[in-house]
Number of protein chains: 2
Amino acid sequence: MVTTRKLREVPSDHYNVFAKECPARMVLDRIGDKWALLILDHLKSGKTRFNELKRSVGGISQKVLSGVLKTLERDGLIYREVYPTVPVTVEYSLTPLGETLTEAISAVTHWAELHMKEILSAREAYDLKV
Amino acid sequence: MVTTRKLREVPSDHYNVFAKECPARMVLDRIGDKWALLILDHLKSGKTRFNELKRSVGGISQKVLSGVLKTLERDGLIYREVYPTVPVTVEYSLTPLGETLTEAISAVTHWAELHMKEILSAREAYDLKV
DNA sequence: CTGAATCCCTGGGGATACTG
DNA sequence: CAGTATCCCCAGGGATTCAG
């Protein structure tokens with residue numbers, strides 16, 4: 001989620017990108033945070049349980065993991081299945097919608113891999129000048 | 001930029017997604033924030049000056065705008081051209097690299113427009129159950 | 001006009017302890 | 001096991017002012 005303090009006056013003649021109705025904003029808010037993409041990526045390899053996810057993502061706190069999972073579930077991107085074993089078992093997995101999203105995202109990650117070096121060298125060049 | 005407090009122990013047997021070398025992380029950090037995508041999008045329509053950008057984006061402070069522009073320039077995604085007029089004129093525009101990125105991103109924004117309704121109705125359904 | 005410098009406040013998210 | 005509840009810290013970013 002992106003931080004917005006007060007959301008002051010937004011010129012009314014201009015498409016309000018903060019509105020829920022802005023699709024790009026909506027998706028970016030979902031995948032732009034520190035963890036969501038990673039979780040989605042791990043779920044591509046199949047159903048995964050909470051602690052399993054926690055371990056494989058690495059370095060995420062329980063609070064944050066459960067929070068991210070909740071919003072992803074709310075948006076219909078992942079399933080959450082509870083099995084009444086003892087102790088309880090919960091499995092997360094991608095919904096069809098979630099799968100199409102990971103495919104769309106792969107365009108960006110692919111771009112990233114392809115152009116990483118250019119970015120890195122651009123940074124070097126920039127830092128030298130400064 | 002994503003917030004990371006201390007970057008504790010990350011299991012060493014696991015690909016460190018926080019490392020600069022993780023391309024996805026790098027790009028997401030660049031476009032995942034509140035403004036970068038918007039700016040990139042506005043720049044698709046051609047060279048734009050600072051205040052022009054500020055107005056058309058709407059609601060962004062000068063400090064933040066100049067900050068985002070700086071990191072985008074540093075990563076080789078936008079050009080910054082200074083004309084020694086008086087008062088000074090500065091024009092920003094996409095580099096070829098920046099253009100390819102906006103194209104990659106469009107896969108996601110297109111997905112967003114396509115599936116927005118599904119997400120919205122998933123939210124409604126979820127909120128009813130809770 | 002284009003920023004840089006300052007001050008301030010908020011909420012994301014880390015650590016830890018506790019439940020069903 | 002799978003979370004919830006608390007506390008706390010700090011970087012992002014808003015508002016405002018100053019400068020080349």
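Quick caveat, the model's predicted, so the values are computed rather than measured. Each chain gets a letter, A, B and so on, in the order the sequences are listed, and its residues count up from 1.
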Under 4.0 angstrom between A/S66 side-chain N/O and D/dT4 OP1 or OP2: yes
Atom-to-atom span, CZ of A/F50 to P of C/dG20 - whole angstrom: 18 Å
Residue-phosphate contact under 4.0 Å: A/T85 side-chain N/O, D/dC1 OP1/OP2: no
Side chain A/S121, main chain A/I119, donor-acceptor under 3.5 Å: no
Audit row: B/L101, A/W111, side chain to side chain contact (heavy atoms under 4.5 Å, CB included) steps and yes/no: CA-CA 7 Å; B/L101 176 57; A/W111 183 95; 3.5 Å; yes
Matching residue for B/F50 among B/Q62, B/R55, B/E91 - test: side-chain contact (heavy atoms from CB on, under 4.5 Å): B/Q62
Separation of atom CZ in A/R55 from atom P in D/dA2, rounded to whole Å: 9 Å
Euclidean distance, atom CG of residue A/D29 to atom P of D/dG12 [Å, nearest integer]: 17 Å
Under 3.5 Å: donor-acceptor pair, side chain of A/T48, backbone of A/L53: no
Main-chain N/O of B/L97 paired with A/H115 side-chain donor or acceptor, under 3.5 Å: no
Distance in angstrom units between B/D33 CG and D/dA11 P, rounded: 17 Å
Whole-Å distance separating the NZ atom of B/K54 from the P atom of C/dC1: 11 Å
Whole-Å distance separating the CG atom of B/L53 from the C1' atom of C/dT2: 12 Å
Spacing of B/I60 atom CD1 relative to D/dG14 atom C1', expressed in whole Å: 11 Å
Spacing between A/E81 atom CD and D/dC1 atom P, to the nearest angstrom: 19 Å
Value rounded to 0.5 Å, distance of CG in B/L77 from OG1 in B/T71: 8.0 Å
Proximal nucleotide (of C/dA4, C/dC1, D/dA2) relative to the B/R49 side chain: C/dC1
Could you list, one pair per line, each protein nitrogen or oxygen that sits under 3.5 Å from a nitrogen or oxygen of nucleotides 16-20 of chain D, together with the distance?
none

Shortest non-hydrogen contact between B/A36 and B/I31, atoms and distance: CB-CA, 4.2 Å
Distance below 4.0 Å between B/Y92 side-chain N/O and C/dG3 OP1 or OP2: yes
